There are 2 protein chains.
Amino acid sequence: MKENSERIMISVKVKNSRSAACSKEMPCKIPSSYKISPDTVEKVKAVMNEDVSDTVVLLKALSDPIRLRILKALRISDFCVCVLVELLDCEYSKLSYHLKLLKEAGLIECKKEGCFLIYHLTELGEEMLESVEKLF
Amino acid sequence: MKENSERIMISVKVKNSRSAACSKEMPCKIPSSYKISPDTVEKVKAVMNEDVSDTVVLLKALSDPIRLRILKALRISDFCVCVLVELLDCEYSKLSYHLKLLKEAGLIECKKEGCFLIYHLTELGEEMLESVEKLF
DNA sequence: TAAGTATTTCAAATATTTTTGAAATAATGA
DNA sequence: TCATTATTTCAAAAATATTTGAAATACTTA
């Protein structure tokens, strides 16, 4: 083992051979300036186990220009689909697809009013939009 | 025109014909309970013109489980690629792809240390991660 | 300089998301 | 009931994003 590097044991097995590149069986040498304590490894492992799927669904719902525009419009006022079609200059079926994603993410809801569907932001939707605007 | 509905003029032209469904040439009737003032239309139009592309790039960068995990790991400590490979159990080239996206979004940066690349969160990266965690 | 290692890049294969247009559904009013 | 209209659904097409593995690059050290 060289003086200015050190092997770290993150995974299970360590071989003595030096032939292979950094891998599960042969963890790489890391520069001595970046010693990683077992404690750090434990912390990271704990975080890696956290479930991020809800977060991802929400962020994905937000990360589209059409969907952001829908949310921004609905913050100004509730609108039925046919008005959103005009305001966003977007075909019905396309808009419908994006409305569905936003609804599934819990960012918007709708209620029937005659033969119209009026969409509005949920509380989550308002919160998310607000913090998105704050950040960017 | 029927009593309990009203035509709105969002786009340019309005025909008198009633034959077509709601479209640019023939805006739909909206329920009378949802009158839309010209003022509201103006507000929405102004918002529709806002550029959301930077926001979208950032949100897209964040909306992936691998990338969120990379950020979460880097919040605990800076790491070189070979260690991230272990911690995230992710192939080099795959990881490299995601690191590139995060770098392009301005969420992480790296510095050379010997033949190692040590990645770390940028200030933006820390902020974003923090607010993502606050929200979800 | 040569050999070894860490990381990226590239192109092809896959997977996922979005768009499109037609058809289905559901509510309304005549 | 029938015709109309608002909206969704569906499947195919198109566009994007991700994964994969091999090769290239670049740094280090012997």
Side-chain angles (χ1 to χ4, degrees), chain A residues 1-5 7-8 17-23 26-32 34 56-57 59-67 70 79-86 88-105 110-119, chain B residues 1-5 7-8 17-23 26-32 34 56-57 59-67 70 79-86 88-105 110-119:
Chain A
M1 205 173 283
K2 313 202 184 98
E3 310 94 307
N4 68 339
S5 68
R7 291 202 181 278
I8 55 159
S17 155
R18 273 180 182 175
S19 55
C22 173
S23 73
M26 171 50 56
C28 63
K29 290 151 241 160
I30 58 165
S32 51
Y34 279 95
V56 168
V57 167
L59 288 170
K60 275 202 175 149
L62 288 166
S63 57
D64 176 274
I66 296 180
R67 294 196 287 274
I70 293 171
F79 290 115
C80 69
V81 180
C82 71
V83 173
L84 287 172
V85 160
E86 297 297 312
L88 295 166
D89 193 21
C90 181
E91 292 298 323
Y92 266 100
S93 56
K94 190 171 169 178
L95 185 59
S96 199
Y97 167 73
H98 290 289
L99 288 171
K100 195 169 90 170
L101 293 192
L102 289 170
K103 202 159 54 175
E104 283 169 359
C110 60
K111 59 172 189 269
K112 273 226 140 124
E113 185 92 14
C115 62
F116 299 87
L117 263 188
I118 314 287
Y119 277 90
Chain B
M1 206 172 283
K2 313 204 184 98
E3 311 93 307
N4 68 339
S5 68
R7 291 202 181 282
I8 55 159
S17 157
R18 274 181 180 172
S19 55
C22 172
S23 73
M26 170 51 58
C28 63
K29 290 152 242 161
I30 58 165
S32 51
Y34 277 95
V56 168
V57 167
L59 287 170
K60 275 201 176 149
L62 288 166
S63 56
D64 175 275
I66 295 180
R67 295 196 287 273
I70 293 172
F79 290 114
C80 70
V81 181
C82 72
V83 172
L84 287 172
V85 160
E86 297 296 314
L88 295 166
D89 192 21
C90 181
E91 292 298 324
Y92 266 100
S93 56
K94 189 170 168 178
L95 186 60
S96 198
Y97 167 74
H98 291 287
L99 289 171
K100 193 169 92 170
L101 293 192
L102 289 170
K103 202 158 54 174
E104 282 170 357
C110 60
K111 58 171 190 268
K112 272 225 139 122
E113 185 93 12
C115 61
F116 298 87
L117 263 187
I118 314 287
Y119 276 89

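Only a predicted model underlies this, so the values are computations on that prediction, with no experimental measurement involved.
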Exercise for review: Determine the minimum heavy-atom distance between A/V81 and A/L95, stating which atoms define it.
Suggested key: O-CD2, 3.7 Å
Check your understanding: Of all the nucleotides listed (D/dC27, D/dT9, C/dT7), which has the minimum atom distance to the side chain of B/C115?
Key -> D/dC27
Revision key, fill the gap. Those residues at least two apart in sequence (or on a different chain) that pass side chain to side chain contact (heavy atoms under 4.5 Å, CB included) with B/K100 are B/E104
**Study point:** Short side-chain N/O contact from A/Y92 to OP1 or OP2 of C/dT19, under 4.0 Å
**Key:** no
Check your understanding: B/K112 has a side chain; which of D/dC27, C/dA26, D/dT7 sits nearest to it?
Key -> D/dC27
Check your understanding: Closest approach of A/D64 and A/I66, non-hydrogen atoms and distance?
Key -> OD1-N, 2.8 Å
Review point. Which nucleotide in the list C/dT7, C/dT9, D/dT8 gets nearest to the side chain of B/C80?
Key: C/dT7
Check your understanding: CG of A/L95 versus P of D/dT9: gap in Å, rounded?
Key -> 13 Å
**Study point:** Shortest non-hydrogen separation from A/L84 to A/L99 and the atoms involved
**Key:** CD1-CD2, 4.3 Å
Check your understanding: Where do A/L102 and A/I70 come nearest, in terms of heavy atoms and distance?
Key -> CD1-CG2, 3.8 Å
Review point. What nucleotide, of C/dG21, C/dT7, C/dT28, holds the atom closest to the side chain of B/V81?
Key: C/dT7
Practice item. Could you list the residues that satisfy side chain to side chain contact (heavy atoms under 4.5 Å, CB included) with A/C110, not counting sequence neighbours? Key: A/K103, A/L117, A/Y119
Tabulated below should be each protein N or O lying under 3.5 Å from an N or O of nucleotides 16-18 of chain C; please produce it.
| residue | atom | partner | partner atom | Å |
| --- | --- | --- | --- | --- |
| C/dT17 | OP1 | A/K60 | NZ | 3.4 |
| C/dT18 | OP1 | A/R67 | NH2 | 3.2 |
| C/dT18 | OP2 | A/Y97 | OH | 2.7 |

